[in-house]
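Accompanying notes for the structure given below.
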Amino acid sequence: MKIKIMPIKKLRGEMTVPGDKSIAHRALMMGSLAVGSTKIKGLPMSDDCNYTAKAFRDMGIKIRKELDVTIVEGKGLHGLKKPDNPLYVGNSGTSMRILAGILAGQDFESTLTGDAGISARPMKRIVEPLNMMGVKISAQCGGEYPPLTIVGGKVRPITYKNSIASAQIKSAILFAGLYSKGITKVIEPVRSRDHTERMLKYFGAKVKVSGKSVSIRGGSELKARALEIPGDISSASFFIVAATVLKGSRIKIRNVSINPTRAGILKVLSKMGADIKIINKKKPSPEPSADLIVKYSKTHGITITKDMIPSVIDELPVIFVLASLSEGRTIVEGAGELRVKETDRIASMQNGLKGMGVDFRVKGDNVVIEGSKSLKGASLKSFGDHRTCMALAVAALTAKGDSEIEGAQSVSKSFPSFFDTSTVYLN
Ligand code: S3P
């Protein structure tokens with residue numbers, strides 16, 4: 001699907017964004033493995049989360065909706081049944097990688113499969129540690145690509161020093177560790193988003209966090225809980241950047257996740273000169289949230305260092321857009337993980353922004369962007385990637401002249417109502 005985007009002058013009003021995708025996956029997973037009924041408020045109806053829910057339904061878990069509450073009838077750590085067919089997770093990397101850790105602990109053989117996009121995404125990063133835990137996993141091309149066939153049941157605890165800061169890898173290992181006898185520990189180079197460890201604790205697992213390491217003691221049952229999923233900061237980031245660059249803008253985004261391991265964009269944008277106020281903070285249960293007020297502001301380039309990358313990894317495409325419209329140079333260091341997302345997001349954003357007239361250079365894993373006063377409307381491509389699509393849509397809103405984006409249906413992965421939200425709030 002192609003979408004035409006015309007520039008607008010400013011953004012004003014109040015809005016909400018769908019529930020946080022990362023937190024939602026975990027809520028469905030914990031709810032399914034807990035004993036009793038878990039009640040989840042604010043679960044997003046996006047493709048990725050629907051695939052996680054479907055996978056658990058295929059393993060005998062009842063998940064139903066009553067108004068805005070999703071009820072998961074958990075059957076305990078050993079209550080999943082062997083699925084009749086391979087579990088299909090579409091394009092959802094989070095579903096595939098974390099589910100692999102859960103399936104590692106099951107007394108049955110299972111297969112995880114997905115669409116063409118996910119079949120080209122690296123899986124060795126979870127296959128290797130799970131193999132070390134004694135789990136047999138076979139994958140394609142020397143253990144790198146899906147489908148994954150998992151023979152679970154006997155899991156050994158390990159201490160795993162990861163060279164990549166990745167919450168998906170950490171979560172797969174922690175879930176597998178839940179099924180072992182003993183303590184499993186993951187040590188990261190930089191702390192990745194901590195939704196799994198927060199939620200495991202909330203559901204009663206024995207989890208300890210110390211600096212960059214997280215450990216879990218296997219064996220404890222999870223107890224069903226009620227929880228509310230705040231709005232997704234990654235989805236909010238498109239509107240935060242749009243309001244920052246369009247003169248005269250003022251928006252309020254209600255109830256957004258502000259988890260510090262995740263919401264690095266708030267720090268990065270403030271450093272660049274953005275005007276963002278965080279109000280009505282709510283205490284973690286298990287995730288903190290707040291309302292954000294964003295006003296137009298002049299911004300300038302900064303250097304984003306490698307240690308900051310994990311907390312802004314999904315927001316980098318839209319940060320590239322802001323950098324393109326900020327004064328001076330922005331350098332993003334060590335952004336190599338962007339190359340293995342739904343598409344190579346360094347290449348996809350370079351393609352789009354260069355087409356709009358931006359000086360966007362790539363040196364190894366570093367990106368260097370020279371800010372310009374304005375962008376020009378262009379014919380753009382999402383490369384099937386939701387965040388490339390939404391980031392370029394923001395760029396197009398600010399451009400001189402109309403733009404079109406090919407592959408606009410990709411937004412259904414995390415934010416199906418993105419273009420409707422834009423129609424309602426941006427005009
Ligand atoms: C996610 C972790 C990140 C992120 C992805 C969601 C998660 O991936 O990019 O969109 O929910 O755990 P990595 O773990 O590969 O860094």
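Just follow the structure's listing: the first ligand is 1, and inside any ligand the first atom is 1. Nothing here was measured: the structure is a model prediction, and the numbers come from that model. Below, all heavy atoms of this structure are taken into account, side chains as well, without hydrogens, waters or symmetry copies. Residues: numbered from 1 along the sequence shown.
Below 4.0 Å from some heavy atom of Ser22 lie the following atoms of ligand 1, by number and element: 1 (C), 6 (C), 7 (C), 11 (O).
The shortest distance between side-chain heavy atoms of Met45 and Cys49 does not fall below 4.5 Å.
When each of Arg121, Arg345, Lys413 is checked for a salt bridge (charged side-chain N to carboxylate O under 4.0 Å, His left out) with Asp385, only Arg345 meets the rule.
Between Ile98 and ligand 1, no pair of N/O atoms sits closer than 3.5 Å. Among the atoms of Ser166, some N or O lies under 3.5 angstrom from an N or O of ligand 1. For a threshold of 3.5 Å applied to N or O pairs, the pair formed by Asp314 and ligand 1 contains at least one separation below that value.
Counting heavy atoms under 4.0 Å from ligand 1, residue Lys341 touches it through the side chain alone.
Once rounded to the nearest 0.5 Å, the distance linking NZ of Lys212 with CD1 of Ile187 reads 11.0 Å.
Between the side chains of Thr305 and Glu333, no donor N or O sits under 3.5 Å from an acceptor N or O.
A cation-pi contact, defined as under 6.0 Å to the ring centre and within 45° of the axis, is absent between Arg225 and Phe203.
One option in Arg125, Arg26, Lys21, His25 has a heavy atom closer to atom 7 (C) of ligand 1 than any other, and that option is Arg26.
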